[in-house]
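Residue numbers start at 1 and run along the sequence shown. Nothing here was measured: the structure is a model prediction, and the numbers come from that model.
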Amino acid sequence: MQQPRLILGGTTAHTARFRLDGWPWSYVPLQFDPPTPTLQVTVLPAPVMPGEGGRWIVDVFGLQPDTLYTVWLSGTSVGPVGMGRLRTAPEQLAGSSGLLLGLASCYFPS
């Protein structure tokens with residue numbers, strides 16, 4: 001069995017979306033540093049090819065704007081998995097009416 005992979009799909013000021021491959025359960029023990037007490041996690045099955053399994057879309061709500069987070073998946077037999085960093089977007093740019101970015105990837109099933 002392959003080691004689980006946690007792949008960042010996108011962020012906003014308060015949310016993040018991940019794809020989690022190789023994880024057999026719908027319970028996803030994500031950890032964030034700094035800790036976020038208002039964190040809410042939604043897990044949905046992701047599209048898979050025949051013969052594949054254990055792929056999830058993980059939406060995280062309640063993050064703080066303009067914050068650098070370290071993220072990992074705990075509760076595995078090999079220790080923390082998928083450790084990475086993400087920065088949430090600012091709510092507004094100083095002296096500006098805002099900035100809108102559009103990101104797309106043919107490798108991430110939304």
Report the residues that fulfil side-chain hydrogen bond (donor to acceptor under 3.5 Å, both in side chains) with Thr67, sequence neighbours left out, ordered by chain and then residue number.
->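 side-chain hydrogen bond (donor to acceptor under 3.5 Å, both in side chains) list for Thr67, sorted by chain: empty.
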
Handout entry: Residues forming a side chain to side chain contact (heavy atoms under 4.5 Å, CB included) with Pro45, sequence neighbours excluded
Key =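 With neighbours one apart ignored, the set is Trp56.
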
Going by heavy atoms in the side chains, are [X] and [Y] under 4.5 Å from each other?
X: Leu86; Y: Phe18; value: yes
X: Thr88; Y: Thr12; value: no
X: Arg19; Y: Arg5; value: yes
X: Pro90; Y: Pro65; value: no

Hydrophobic cluster membership, with links at side-chain heavy-atom distances under 4.5 Å among I/L/V/M/F/W/Y: are [X] and [Y] in one?
X: Leu73; Y: Leu39; value: yes
X: Leu44; Y: Leu8; value: no
X: Val41; Y: Tyr27; value: no

Checklist line | Atom of Thr36, atom of Gly62 and distance for their closest heavy-atom approach | finding: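 Closest approach of Thr36 to Gly62, heavy atoms only: CG2-O, 3.0 Å.
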
Report task. Of all the heavy-atom pairs spanning Gly22 and Pro4, show the shortest one and how long it is. Result ->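 Taking Gly22 first and Pro4 second, the nearest heavy atoms are O-CG, 3.7 Å.
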
ask   = Between Leu30 and Val71, does a side-chain contact (heavy atoms from CB on, under 4.5 Å) hold up when you go through it step by step?
value = CA-CA 7 Å; Leu30 279 183; Val71 183; 4.1 Å; yes

| task | Run the numbers on Val60 and Phe32 for side-chain contact (heavy atoms from CB on, under 4.5 Å), then give the verdict. | result | CA-CA 11 Å; Val60 178; Phe32 284 78; 3.9 Å; yes

Go through Ile57 and Val43 one step at a time and tell me if the side-chain contact (heavy atoms from CB on, under 4.5 Å) criterion holds. CA-CA 6 Å; Ile57 295 174; Val43 179; over 6 Å; no

Problem - Under 3.5 Å: donor-acceptor pair, side chain of Thr70, backbone of Arg85 - result: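 No, the answer is negative, given that no donor and acceptor are paired below the 3.5 Å cut-off.
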
Check: Distance-only, no hydrogens or angles: does the Tyr69 side chain make a donor-acceptor pair with backbone N or O of Gln64 under 3.5 Å?
Finding: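 Pair found, side chain donor or acceptor close to backbone of Gln64.
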
Practice item. Nearest 0.5 Å please: distance from the CD1 atom of Ile7 over to the CG atom of Asp21. Key: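 One gets 4.5 Å once the value is rounded to the nearest 0.5 Å.
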
- Reported OG1-to-CG distance for the pair Thr11 and Leu63, which is rounded to 0.5 angstrom: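 Rounded to the nearest 0.5 Å, the OG1-CG separation comes to 9.0 Å.
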
Who passes salt bridge (charged side-chain N to carboxylate O under 4.0 Å, His left out) against Asp66, sequence neighbours left out?
->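 Applying salt bridge (charged side-chain N to carboxylate O under 4.0 Å, His left out) to Asp66 gives Arg87.
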
Item to check | side-chain contact (heavy atoms from CB on, under 4.5 Å) assessment of Leu6 paired with Trp23 | outcome: CA-CA 9 Å; Leu6 186 62; Trp23 187 254; over 6 Å; no

Practice problem: Take His14 and Glu91, measure what side-chain hydrogen bond (donor to acceptor under 3.5 Å, both in side chains) needs, and give me the verdict at the end. | Solution: CA-CA 9 Å; His14 299 280; Glu91 285 186 318; 2.7 Å; yes

